[in-house]
Number of protein chains: 2
Amino acid sequence: MKLESEHLEILAMIVEKGGLTEGAAALGKSQPSVSRTISLLEKRVGAPLFEPGRRPLRPTELGASLARLGGRIHALNGEAQLLVERFRKGQAGRLRLGGTPIFMDGVVAAMIAEFQQHHSDVHVEQSYGYLDAMLAQLRNGSLDMAILPLHPNQIPQDMEFTSLLPGRNVIACRVGHPLTRKSTITLADIDPFPWIAPPVDSPLYRDLQRALISIGSEDFRVNFSGGTFASIASVLAGSDSLTVLPYSVVFQTRKMTQIEALPLKIEHPDRQLGLLVRRDQASAPALTHFKAFMAQQCRQLEARIQHEQQVTRRRG
Amino acid sequence: MKLESEHLEILAMIVEKGGLTEGAAALGKSQPSVSRTISLLEKRVGAPLFEPGRRPLRPTELGASLARLGGRIHALNGEAQLLVERFRKGQAGRLRLGGTPIFMDGVVAAMIAEFQQHHSDVHVEQSYGYLDAMLAQLRNGSLDMAILPLHPNQIPQDMEFTSLLPGRNVIACRVGHPLTRKSTITLADIDPFPWIAPPVDSPLYRDLQRALISIGSEDFRVNFSGGTFASIASVLAGSDSLTVLPYSVVFQTRKMTQIEALPLKIEHPDRQLGLLVRRDQASAPALTHFKAFMAQQCRQLEARIQHEQQVTRRRG
DNA sequence: GGCGTTATATCGCTTTGGGTTATGAAACTG
DNA sequence: CAGTTTCATAACCCAAAGCGATATAACGCC
């Protein structure tokens, strides 16, 4: 005969509170209800759980043992409820994020840290990739959200895209780079400097190609490639190399890295950096919160960028 | 909204088995039943527990977490059932035994050891006492069974008495005691030897008095008293002292202690050594088993005693 | 891409368990 | 010994869970 965990929990509460009436009150039930539950449980167990005919209700040895187990069950149940609560509030869960490497490292990671200040039990699993791979992962459920630059008409039907920042790229160099002292930069100025190339399969790499073509350079010398953002930033800061980076990355990390953007207009891709989520699970609470949080963070970032530019313009 | 532990257990089983159908089979329920249980649970949780539209049913992150908790609940429930099973078979529980010191130490303890070979999870709590104290403890529920010598008309209404052995006492001495070489023993023979007295409030002490009066000795010299059986046996074995002991004790411990009984008939009290149990909890399984076990052990002991006496008689 | 297989969801119906209030019985308290 | 408290029982009702039958959706296979 199967015992019900519910009954054991009720037993535990009664033993803990020391009486049917108090136990029932603690459980939010009426006294007859728990009384009957106990007698049913006793019938199933086949032995009395409380000493018969005693006023301060005292559990039998078996009753006490079962109550201990019931208490542990109750605790686990409570844990489950807590988990659900936290999950509903988006404070717990797992967030599997994938994104283009540079933007993840340069902008998103810092925001994740900030997010986890308020959602400490959200476990973030970060991975890197580009559009096709991440679409596949989003569809087969091994990824919850992709963070990447996307053109509006690239958004698939089954996905929801939240744009965060304009995908504006700039040519970046170390602070104090010779070119930064020039007020106008020509192709001839740029030509002597070697380039740091992002991974060849990345959008940034194509952006680099297009940018250089747009300013007239067909050929460019690459002296470093394949590194992640940390390596790129180090090489950039320690040499006179140039590279193409999203302006947001340059701006966000300008305190930590010794990198600035050249005041050179390059063709910027018509894309938005944003969040891609499968439409049918857009409602997962932690995801929703993270989306809202990222949107807000990026609005702030954008505002700071705007502000900075105005200041710079006024000064310059 | 309260989650039911039952539901979490079902969820756990489904996740473990990898599907509704198999889970239902493992739970001994129909598939529609568990399907509906899950959908109800999802409604209460407010979030999907399984990825929608996937053939090898795959739990959500939340679903998996809740399933883990459900599994632990299920394990505890199983423990509870096992406990009940063992309790019903009398293999688990607590047995609070009280008894007269000499008989508990000399006879019962060895039998408890034997009993626990087959009922390893029965926890025996032994205490010592005499009739009045033990009656009170039996009545207030702090003792499950008393083991003591009792006259048939001393049995209270609310108690059940199972007699084990006749309460025959003998005068005991060390093996090889001078008196054992005599074929007939007179009062004068006994007189020189000192006595070991049991506790003054014990039945045995009164038995000793009566025994000595019955053979004509009004006065006796006590050189040791107040000890438990182990001390008495040591002193007895290491001196020419005499004492009164239940024959069963002398017989049962004759291999371990160097004690034998004098072939001297003394007035034996009209009592039976037996088990006293409160009538209304005579059905506790471990108690029932212990009662039956003790009865059987004592029958065997009695038979061995009978056999020995016949052999002795034939030889003598 | 259509089709069969298999697994899941839904429906209607019945039974059980648990919820309630009202009330009776038992045991502690003064 | 009466009053108070606490537990057990009765009568009733509804929610949940059981079942079989059946619709629907995914997957794999040709």
Side-chain angles (χ1 to χ4, degrees), chain A residues 1-45 47-60 63 67 70 74 77 139-141 158 278 280-281, chain B residues 1-45 48-60 63 67 70 74 77 139-141 158 278 280:
Chain A
M1 176 83 61
K2 174 89 169 64
L3 302 179
E4 297 202 20
S5 301
E6 229 64 41
H7 293 181
L8 295 177
E9 288 181 61
I10 291 173
L11 173 65
M13 186 58 82
I14 291 169
V15 169
E16 185 191 330
K17 296 292 175 184
L20 282 191
T21 310
E22 292 155 290
L27 289 163
K29 299 180 194 296
S30 69
Q31 172 269 318
S33 178
V34 298
S35 171
R36 203 179 19 171
T37 299
I38 292 299
S39 59
L40 181 63
L41 184 58
E42 284 183 330
K43 205 163 295 165
R44 297 213 177 149
V45 165
L49 265 24
F50 290 93
E51 311 262 350
R54 288 194 172 271
R55 198 31 91 160
L57 211 56
R58 208 174 49 182
T60 297
H74 188 71
N77 188 303
R139 290 202 175 100
N140 79 14
D158 56 340
R278 234 171 64 199
D280 60 1
Q281 67 168 24
Chain B
M1 175 84 60
K2 174 90 167 67
L3 301 181
E4 298 201 19
S5 300
E6 227 62 43
H7 293 181
L8 296 177
E9 289 182 60
I10 290 174
L11 172 66
M13 185 59 80
I14 289 169
V15 169
E16 186 192 328
K17 296 291 175 184
L20 284 191
T21 311
E22 291 154 289
L27 289 163
K29 297 180 195 299
S30 69
Q31 173 269 319
S33 177
V34 297
S35 171
R36 204 177 18 167
T37 299
I38 292 300
S39 59
L40 182 63
L41 184 58
E42 283 183 331
K43 204 163 293 165
R44 297 214 179 147
V45 166
L49 264 23
F50 290 93
E51 310 263 350
R54 288 195 173 270
R55 200 28 97 143
L57 211 58
R58 209 174 48 183
T60 298
H74 188 72
N77 188 302
R139 290 203 174 98
N140 79 14
D158 56 341
R278 233 172 64 200
D280 60 0

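Lettering follows sequence order; numbering is per chain, from 1.
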Original post:
Taking CZ from B:F50 and C1' from D:dA26, how many angstroms apart are they, rounded to a whole number?
Top reply: 16 Å
Original post:
Taking CG from B:L57 and P from C:dA9, how many angstroms apart are they, rounded to a whole number?
Top reply: 7 Å
Subject >> Terminal axis angle for the helix from C:dG1-D:dC30 to C:dG30-D:dC1, five pairs an end, nearest 10 degrees >> reply: 40°
Subject >> Residues in salt bridge (charged side-chain N to carboxylate O under 4.0 Å, His left out) contact with A:R139, at least two apart in sequence or another chain >> reply: A:D158
Subject >> Sequence-distant partners of A:E6, salt bridge (charged side-chain N to carboxylate O under 4.0 Å, His left out), two or more places apart >> reply: B:K2
Subject >> Between C1' of C:dT20 and CG of A:L27, the distance in whole Å >> reply: 16 Å
Original post:
A:R58 has an atom CZ; how far is it from atom P of D:dC7, in whole Å?
Top reply: 15 Å
Can you check nucleotides 17-19 of chain D for protein contacts, nitrogen or oxygen pairs under 3.5 Å, and list what you find?
{"from": "D:dA17", "atom 1": "OP1", "to": "B:H7", "atom 2": "NE2", "distance (Å)": "2.7"}
{"from": "D:dA17", "atom 1": "N7", "to": "B:R36", "atom 2": "NH1", "distance (Å)": "3.4"}
{"from": "D:dG18", "atom 1": "OP1", "to": "B:K29", "atom 2": "NZ", "distance (Å)": "2.5"}
{"from": "D:dG18", "atom 1": "OP2", "to": "B:S33", "atom 2": "OG", "distance (Å)": "2.2"}
{"from": "D:dG18", "atom 1": "O5'", "to": "B:S33", "atom 2": "OG", "distance (Å)": "3.3"}
{"from": "D:dG18", "atom 1": "N7", "to": "B:R36", "atom 2": "NH2", "distance (Å)": "2.6"}
{"from": "D:dG18", "atom 1": "O6", "to": "B:R36", "atom 2": "NH1", "distance (Å)": "3.3"}
{"from": "D:dG18", "atom 1": "O6", "to": "B:R36", "atom 2": "NH2", "distance (Å)": "3.2"}
{"from": "D:dC19", "atom 1": "OP2", "to": "B:S30", "atom 2": "N", "distance (Å)": "2.7"}
{"from": "D:dC19", "atom 1": "OP2", "to": "B:S30", "atom 2": "OG", "distance (Å)": "2.8"}

**OP:** Scan residues 11-24 of chain B against DNA chain C and write down, sorted by residue number, each residue with any heavy atom closer than 4.0 Å; if none is found, say none.
**Re:** B:G19, B:L20, B:T21
**OP:** Assign a letter to each nucleotide of nucleotides 25-30 of chain C from its 5' end: B, base within under 4.0 Å of a protein heavy atom; S, sugar-phosphate only; -, no contact.
**Re:** -BSS--
**OP:** Just jot down the salt bridge (charged side-chain N to carboxylate O under 4.0 Å, His left out) partners of B:E42, sequence neighbours excluded, or say none.
**Re:** none
Subject >> Where A:E4 and B:N77 come nearest, the two heavy atoms and their spacing >> reply: C-ND2, 4.0 Å
Taking only distance into account, with no hydrogens and no angle test, what donor-acceptor pairs under 3.5 Å do side-chain atoms of residues 9-33 of chain A form with protein atoms, sequence neighbours excluded?
{"from": "A:E9", "atom 1": "OE1", "to": "A:H74", "atom 2": "ND1", "distance (Å)": "2.9"}
{"from": "A:E9", "atom 1": "OE2", "to": "B:S5", "atom 2": "OG", "distance (Å)": "2.4"}

